[in-house]
Amino acid sequence: AIEEVEATLQARLLEQLPDERAARILDHMAPDAAADVLADLPPQAANHLMGRMDKEAAAKVRLLLTYPQDSAGGLMTTDFVVAIAGETTREAIEYVRGQLRKPDLIYYVYVVDDPDNQRLLGVVSLRDLLLADGDTPLASYMRREVRTVQPEQPATAAACVMREYNLLALPVVDRRGRMLGLITADDVLNVLLPESLRRHVPRLFS
């Protein structure tokens, strides 16, 4: 419910809650949404709440807060789904299944070199993954040309790429091509539409 409230009210609502309850709410919010709320709080209050959050959730939020809000990094979420390039379709589906708790809606599966490095090598739609023969190597049908942005680029540049290529999501990578996050269509609406119109558009993603 906090995620659906107007941005100007989110921080004020959290400030009225006991610290533990506010921290648990932030734990369950999408990382980019939680970062946006914490950015509107006084720095001392934000740090205090992050100290009470789940360590993994807090680490994701701290990363997002290092980027300016008007940059691609400030727009992205760290919730995305990957598969490993060396897997078969059957192995990839099993690997993806273990990641489905967090993202609300998955359309693309990003193919990376390994779970730790996560250098982006390609992308496959979830539909194509589910329809492929189980023994087919994932690398044989993934799309290798993937549009990406770097976190320092302006958010407006990311929005233009998504609009030009009709993308539902856009990977954010570092200079070595490693996945950092994902910008979704909902995130882009925050850039392209004024606040008065955003509230009337249904959310598709987290």
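Reckoned from all heavy atoms, side chains included, excluding hydrogens, waters and symmetry mates.
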Atom pair [atom1]/[atom2] of [X] and [Y] - distance to nearest 0.5 Å:
{"X": "L138", "Y": "L129", "atom1": "CG", "atom2": "CG", "answer": "6.5 Å"}
{"X": "R178", "Y": "D116", "atom1": "CZ", "atom2": "CG", "answer": "11.0 Å"}
{"X": "L131", "Y": "S125", "atom1": "CG", "atom2": "OG", "answer": "8.0 Å"}
{"X": "Q10", "Y": "L14", "atom1": "CD", "atom2": "CG", "answer": "8.0 Å"}
{"X": "E87", "Y": "E94", "atom1": "CD", "atom2": "CD", "answer": "10.0 Å"}
{"X": "Q44", "Y": "L49", "atom1": "CD", "atom2": "CG", "answer": "11.0 Å"}

Check your understanding: Could you walk me through whether L182 and D79 pass the side-chain contact (heavy atoms from CB on, under 4.5 Å) check?
Key -> CA-CA 7 Å; L182 196 66; D79 282 343; over 6 Å; no

Answer whether the closest heavy-atom distance between the side chains of [X] and [Y] falls below 4.5 Å.
{"X": "F80", "Y": "Q118", "answer": "yes"}
{"X": "V61", "Y": "L26", "answer": "no"}
{"X": "L64", "Y": "T78", "answer": "yes"}
{"X": "V82", "Y": "Y95", "answer": "yes"}
{"X": "V111", "Y": "I84", "answer": "no"}
{"X": "L75", "Y": "Y67", "answer": "no"}
{"X": "R90", "Y": "D135", "answer": "yes"}
{"X": "L168", "Y": "T184", "answer": "no"}

Exercise for review: Please identify each residue that fulfils salt bridge (charged side-chain N to carboxylate O under 4.0 Å, His left out) with R176, with sequence neighbours left out.
Suggested key: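 For R176, no residue satisfies salt bridge (charged side-chain N to carboxylate O under 4.0 Å, His left out) once neighbours in sequence are set aside.
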
Practice item. Among L126, L167, V81, find the one that has a side chain to side chain contact (heavy atoms under 4.5 Å, CB included) with Y108. Key: L167

Side-chain ion pair, [X] and [Y], N-O less than 4.0 Å:
{"X": "E15", "Y": "R12", "result": "no"}
{"X": "D32", "Y": "K60", "result": "no"}
{"X": "R24", "Y": "E20", "result": "yes"}

Which heavy atom of [X] sits nearest to which heavy atom of [Y], and what is that distance?
{"X": "N117", "Y": "D113", "answer": "ND2-OD2, 2.7 Å"}
{"X": "L121", "Y": "M142", "answer": "O-CE, 3.8 Å"}
{"X": "V96", "Y": "A83", "answer": "CG2-CB, 4.4 Å"}

Check your understanding: If Ile, Leu, Val, Met, Phe, Trp and Tyr residues are connected whenever their side-chain heavy atoms lie under 4.5 Å apart, and connections chain through other members, are L120 and Y165 in the same group?
Key -> yes

Would you find a donor on one side and an acceptor on the other, under 3.5 Å apart, between the side chain of [X] and the backbone of [Y]?
{"X": "Q153", "Y": "Q150", "value": "yes"}
{"X": "T148", "Y": "V173", "value": "no"}
{"X": "D40", "Y": "A11", "value": "no"}
{"X": "R144", "Y": "A139", "value": "yes"}
{"X": "S71", "Y": "P154", "value": "no"}
{"X": "E91", "Y": "T88", "value": "yes"}
{"X": "D128", "Y": "V124", "value": "no"}
{"X": "D27", "Y": "D54", "value": "yes"}

Review point. Would you say E152 has more than 12 foreign heavy atoms packed within less than 6.0 Å of its CD?
Key: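 Yes.
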
Practice item. Would you please test I183 and V172 for side-chain contact (heavy atoms from CB on, under 4.5 Å) and show each step? Key: CA-CA 7 Å; I183 298 173; V172 181; 3.7 Å; yes

Review point. side-chain contact (heavy atoms from CB on, under 4.5 Å) between M76 and V149: does it pass, once the steps are laid out?
Key: CA-CA 10 Å; M76 72 182 181; V149 290; over 6 Å; no

